[in-house]
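Take a look at the structure below.
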Amino acid sequence: EGYDMKQLRTQVGLVFQYPEYQLFEVDVLSDVCFGPKNQGLSKEECEAQAKEALQLVGFPEKYYHQSPFELSGGQKRRVAIAGILAMHPKVLVLDEPTAGLDPKGRDEILDQVAQLHEKTGMTVVLVSHSMEDVANYVERIIVMNKGKVMFDDVPHRVFSHVKELEAVGLAAPQVTYILHQLKDNGFDVDPSATTIEEAKETILQAVRKNSK
């Protein structure tokens, strides 16, 4: 309440699930120019912002004048994200950005979003049911249940509530379950690890201790 919704919309860029279904222009550059054009910018300004956005998502320049419909799924999604970035939002909201992509495409998109966050300092909100994606990329997790905030904390602390998460249809990352199993079987590992890299470190430490 009290927000100027029109003003707010100009500052928040929303990338819907399967955003590539909204591509419609004759070529990639025209598609990414669509948002800035609607903001009233000149053709030159639109193209400058579109090219900057395409570079931010790591899209190859040689495809700028190609039809978006001839691209791979991962490339189409980059173009769709660039179309939102070209409008210079302060906050980027991505709704299930890896839906429908193969593992390679999924990693590429999320790595690119992580780099984008690093390069620009833009706030990125990732809406996802994939706990692996969440564990690998985010700094803060907010778990919603029936419109209410259930948890709001760093990944390690949120994923320590495995049972409560499972009760609302979520889970911890697979590595967390594996480490809990190892701990129960007598291995001196840290079960709060949530990424493959962290799991590797704690397993190696446990092996070193055992071999002494």
Side-chain angles (χ1 to χ4, degrees), residues 6-140 173 195-197 200:
K6 194 173 177 190
Q7 179 62 20
L8 191 62
R9 281 190 201 104
T10 64
Q11 296 182 37
V12 178
L14 177 56
V15 180
F16 294 102
Q17 199 171 350
Y18 300 108
E20 55 273 22
Y21 293 163
Q22 293 166 53
L23 301 175
F24 64 92
E25 288 279 8
V26 291
D27 63 30
V28 166
L29 196 62
S30 304
D31 224 305
V32 181
C33 279
F34 182 78
K37 194 162 84 179
N38 274 355
Q39 290 177 320
L41 300 184
S42 70
K43 187 173 185 288
E44 291 72 23
E45 288 171 317
C46 287
E47 289 203 358
Q49 288 189 196
K51 285 174 180 173
E52 175 198 34
L54 285 161
Q55 281 166 8
L56 281 172
V57 297
F59 188 84
E61 198 171 333
K62 61 181 174 180
Y63 299 133
Y64 283 9
H65 296 289
Q66 193 165 322
S67 164
F69 307 108
E70 292 167 11
L71 305 172
S72 70
Q75 285 178 324
K76 282 180 185 169
R77 198 153 301 178
R78 285 180 196 230
V79 171
I81 294 170
I84 302 297
L85 291 177
M87 293 187 281
H88 287 178
K90 289 201 172 91
V91 178
L92 182 67
V93 180
L94 298 154
D95 183 10
E96 301 281 2
T98 60
L101 295 178
D102 60 24
K104 182 172 178 281
R106 184 190 71 203
D107 290 347
E108 283 176 359
I109 285 289
L110 290 173
D111 285 347
Q112 206 67 55
V113 170
Q115 281 178 37
L116 174 72
H117 170 65
E118 230 170 79
K119 275 186 210 163
T120 65
M122 181 188 292
T123 298
V124 178
V125 178
L126 176 69
V127 180
S128 180
H129 283 85
S130 165
M131 295 302 106
E132 268 66 33
D133 291 352
V134 167
N136 285 323
Y137 290 94
V138 309
E139 294 157 6
R140 171 185 174 191
T195 68
I196 298 282
E197 204 51 47
K200 183 183 87 173

Checklist entry - Should Q11 and V91 count as side-chain neighbours, where that means a heavy-atom distance under 4.5 Å? => result no
Item to check | Worked verdict on H117 versus E139 for side chain to side chain contact (heavy atoms under 4.5 Å, CB included) | outcome: CA-CA 11 Å; H117 170 65; E139 294 157 6; 3.4 Å; yes
Item to check | 4.5 Å side-chain heavy-atom contact, L85 and M122 | outcome: yes
Item to check | Y63 and D27: side chain donor to acceptor below 3.5 Å | outcome: no
Item to check | Minimum heavy-atom distance between V134 and S128, given as atom pair plus value | outcome: CG2-CB, 4.2 Å
Checklist entry - Under 3.5 Å, is there a donor-acceptor pair between the side chain of R77 and the main chain of A99? => result yes
Checklist entry - So do the side chains of I81 and L56 get within less than 4.5 Å of each other, counting heavy atoms only? => result no
Item to check | Pair S42, E45: side-chain N/O donor-acceptor within cut-off below 3.5 Å | outcome: yes
Item to check | Flag side-chain contact, heavy atom, 4.5 Å: V113 against Y137 | outcome: no
Checklist entry - Does R106 reach the main-chain N or O of T98 with its side chain, forming a donor-acceptor pair under 3.5 Å? => result no
Checklist entry - Counting only heavy atoms not in F24, do more than 12 fall under 6.0 Å of its CZ? => result yes
Checklist entry - About how many Å separate CZ of F34 and CE of M87, when rounded to the nearest 0.5 Å? => result 9.0 Å
Checklist entry - Do L110 and P97 come within less than 4.5 Å of each other through their side chains, counting heavy atoms only? => result yes
Checklist entry - Do the non-hydrogen side-chain atoms of P68 and E25 ever get within less than 4.5 Å of each other? => result no
Checklist entry - Please walk me through it: do L29 and E47 pass side chain to side chain contact (heavy atoms under 4.5 Å, CB included)? => result CA-CA 7 Å; L29 196 62; E47 289 203 358; 4.1 Å; yes
Next on the checklist: Distance check, rounded to the nearest 0.5 Å: Q115 atom CD versus D111 atom CG?
Outcome noted: 6.5 Å
Item to check | Min side-chain heavy-atom separation V28-L71 under 4.5 Å | outcome: yes
Checklist outcome for this item: Shortest non-hydrogen pair, V57 vs R78, comes out as O-NH1, 2.9 Å
Checklist entry - Distance-only, no hydrogens or angles: does the E96 side chain make a donor-acceptor pair with backbone N or O of H129 under 3.5 Å? => result yes
Checklist entry - Can you tell me if NZ on K62 sees more than 12 non-hydrogen neighbours from other groups inside 6.0 Å? => result no
Next on the checklist: Testing the basics here: between P89 and I84, what is the closest heavy-atom pair and its distance to 0.1 Å?
Outcome noted: CD-O, 3.4 Å
